[in-house]
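Counting starts at 1 for both ligands and their atoms, following the listed order.
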Amino acid sequence: MTSLTILVTGGAGYIGTHTAVALAEAGFRVVLLDNFSNSEFSMVQALRSMVDQEVPFYEADCRNKSDLLRVFNTEKEKGHPISGVIHFAALKAVGESVEKPELYKSNNIGGTECLLEIMKEFGVHSLVFSSSCTVYGEPENIPVDERSPFLPSESTYGYTKQACEKLIENHAEENGEFSSALLRYFNPIGAHPSAIIGESPRGIPNNLIPFLCQAVAKLRGPLTVFGTDYPTKDGSCIRDYLHVMDLAEAHVKAIGYLFEIVKGKGCRAFNLGTGTGVSVLEVIDAFERVTGEKVPYTLGDRREGDVVAIWANAERAKEELKWETKRSLEQGLNDSWNWQQKLSEN
Ligand code: NAD
Ligand code: UFG
């Protein structure tokens, strides 16, 4: 049987590379595209070394129609037309998005618009979209479920995720055969247990785990805990940290769900998280326990725009996608640390 071809946009990035490995393991044929705005070709080579199929890669920009035409046409001519798309390609730095709103809108919303247009042209009706729990803002009820309203976003990044979800919903309403899974990730951490692929943030990391790992590796000064006077169990913010391999596997389930279960039935949003809220201080404690390393940190002021506490009600993903997280926080932290050590060696 010929396997179905899945196009992964942003396929050289953190979640894209891990998902490509999971897709290949599940028997899909994987095609990647990326414009390297936040990644490098070495990650494509690394993931190619992990799978037993050739993985075509296109340096292409989702905003560029002729780039996308080249990808869809070439694969079709090779006899492997694209059957579904997983759309990771986006800029994701919350702070930068506030400084450069037009760039974020044109890249994230413009890229999605262009992709939908080409998918329609080629009769490709299944899309898995990378959304974020940031669409909920500071939710009234936690754990938050998918029926929670979108709140006005603090950042342009959050706005682009809300806008893309609406764009995709409109596309589904206008195109009867189209269906999409809107995956709202909570906080992905970790790396592939082999440490062959992982997250390589450019410059000073914004996110907790990459910064923490670099601080422990003495590549940076101490980690600052942003805020210790929040109305939470220990005063620091609470998030839902899930392992990137669990997240990768959710994409495999989601694409299968679109092909087999909901074909042409519109859009469905899914929270992807563990269902457990963990504070920043608890993360530090767990990291020290699991790695035996001391985390250098100081207690600092609140970071502007931070949500106090959010974690997922992920029951819908469990019931409908048959997905739930299998890996622990400790495993995620350990895999992040192994990956950091490998990066430090190079
Ligand atoms: P990443 O930056 O590692 O990967 C995104 C990839 O997309 C990069 O390789 C980048 O070069 C590429 N890209 C960006 N714009 C492009 C364009 N116009 N054309 C082609 N390629 C383009 O980020 P990630 O952590 O893997 O995130 C993947 C997706 O998941 C993003 O949409 C992000 O917004 C979303 N997301 C991430 C998180 C997180 O914490 N990592 C949380 C929620 C949602
Ligand atoms: N934090 C620190 N010190 C740091 C970095 C982070 O204390 O140096 C704290 C933050 O204040 C927050 C928690 O660690 O309480 C997690 O922060 P991250 O920056 O790692 O993650 P966020 O929850 O702020 O945001 C992330 C992504 C967004 C995405 C969101 C939801 O950066 O793109 O998860 O998926 F929208």
Do you see a donor-acceptor pair shorter than 3.5 Å between the side chains of Ser344 and Gln340?
->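 Yes, a side-chain donor-acceptor pair sits under 3.5 Å.
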Which option out of [options] puts a heavy atom nearest to [atom]?
atom                    : options                        : result
atom 10 (C) of ligand 2 : Asp306, Thr228, Val308, Leu242 : Asp306
atom 31 (C) of ligand 2 : Cys133, Gly273, Ala309, Ala312 : Cys133
atom 11 (O) of ligand 1 : Leu208, Asp67, Asp34           : Asp34
atom 18 (P) of ligand 2 : Asn207, Ile238, Val94          : Asn207
atom 35 (C) of ligand 1 : Phe36, Phe88, Tyr157           : Tyr157
atom 23 (O) of ligand 2 : Lys161, Arg239, Arg302         : Arg239

Atoms of ligand 2, numbered as shown, that sit under 4.0 Å from any heavy atom of [X]:
X      : result
Asn206 : 5 (C), 19 (O)
Thr134 : 36 (F)
Cys237 : 15 (O)
Tyr157 : 33 (O), 36 (F)

Does Tyr241 reach ligand 2, in the sense of a heavy atom lying below 4.0 Å from it?
->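 Within the 4.0 Å threshold, so yes.
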Taking heavy atoms and a distance under 4.0 Å, where does Glu199 meet ligand 1: side chain, backbone, both or neither?
->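 The answer is neither; Glu199 stays 4.0 Å or more away.
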Heavy-atom contacts under 4.0 Å between Cys133 and ligand 1: side chain, backbone, both, or neither?
->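 Near ligand 1, Cys133 shows nothing, with every heavy atom at 4.0 Å or more.
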Least distance between heavy atoms, Leu208 atom then Val280 atom |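 Minimum heavy-atom separation between Leu208 and Val280: CD1-CG1, 4.0 Å.
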Do you know which two heavy atoms are closest between Val308 and Glu138, and how far apart they sit?
->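 Smallest heavy-atom distance, with atoms named: N-OE1, 2.9 Å.
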Relative to ligand 2, is [X] under 4.0 angstrom through side chain, backbone, both or neither, heavy atoms considered?
X      : value
Leu208 : both
Asn187 : side chain
Val307 : neither
Leu223 : side chain
Phe186 : backbone

Shortest protein contact, [atom] (heavy atom only):
atom                    : result
atom 27 (O) of ligand 1 : Ile15 CD1, 3.8 Å
atom 3 (O) of ligand 1  : Tyr14 N, 2.8 Å
atom 2 (O) of ligand 1  : Asn38 ND2, 2.7 Å
atom 17 (C) of ligand 1 : Asn35 ND2, 3.3 Å
atom 5 (C) of ligand 1  : Ala90 O, 3.9 Å
atom 18 (N) of ligand 1 : Asn107 OD1, 2.9 Å

Would [X] count as a polar contact of ligand 1, with the cut-off being nitrogen or oxygen pairs under 3.5 Å?
X      : value
Tyr185 : no
Lys92  : yes
Ser132 : no
Leu33  : no
Pro188 : no

Could you tell me if the ring centre of Tyr297 sits under 6.0 Å from that of Phe287?
->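 Distance test on ring centres: not under 6.0 Å, no.
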Aromatic ring centroids of Phe129 and Phe178 under 6.0 Å?
->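 So the answer is no for these two rings.
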Flag if over 12 foreign heavy atoms under 6.0 Å of NZ, Lys318 |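 No - once you tally the heavy atoms of other residues, nucleotides and ligands closer than 6.0 Å, there are 12 at most.
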Nearest 0.5 Å, what's the CZ-OG1 distance between Arg63 and Thr112?
->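 The CZ atom of Arg63 sits 11.0 Å away from the OG1 atom of Thr112.
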Could you pull out every donor-acceptor pair under 3.5 Å between side chains of residues 309-316 and any protein atom, sequence neighbours left out?
unit_1: Asn313; atom_1: OD1; unit_2: Glu315; atom_2: N; d: 3.0
unit_1: Arg316; atom_1: NH1; unit_2: Ala269; atom_2: O; d: 2.8

For ligand 2, which is the ligand I care about here, please tell me if [X] has any N or O atom under 3.5 Å from one of the ligand's N or O atoms.
X      : result
Ser132 : yes
Phe226 : yes
Val225 : no

Under 4.0 Å between a side-chain nitrogen and a carboxylate oxygen: does that hold for [X] and [Y]?
X      : Y      : result
Arg29  : Glu75  : yes
Glu282 : Lys233 : yes
Glu117 : Lys120 : no
Lys92  : Glu199 : yes
Arg289 : Glu330 : yes
Asp246 : Arg327 : yes

Under 4.5 Å between any side-chain heavy atoms of Phe186 and Arg239, yes or no?
->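 No, their side chains stay 4.5 Å or more apart.
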Find out if a path of hydrophobic residues (ILVMFWY) with successive side-chain heavy-atom gaps under 4.5 Å connects Ile6 to Leu183.
->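 Same cluster.
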Going only through I, L, V, M, F, W and Y residues with side-chain contacts under 4.5 Å, is there a path from Val30 to Leu4?
->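 Yes.
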Who passes side chain to side chain donor-acceptor pair (under 3.5 Å) against Asn206, sequence neighbours left out?
->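 Checked Asn206 against side chain to side chain donor-acceptor pair (under 3.5 Å); zero matches.
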Go through ligand 1 atom by atom and flag the ones less than 4.0 Å from a non-hydrogen atom of Ser39.
->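 Those atoms are 8 (C), 9 (O), 11 (O).
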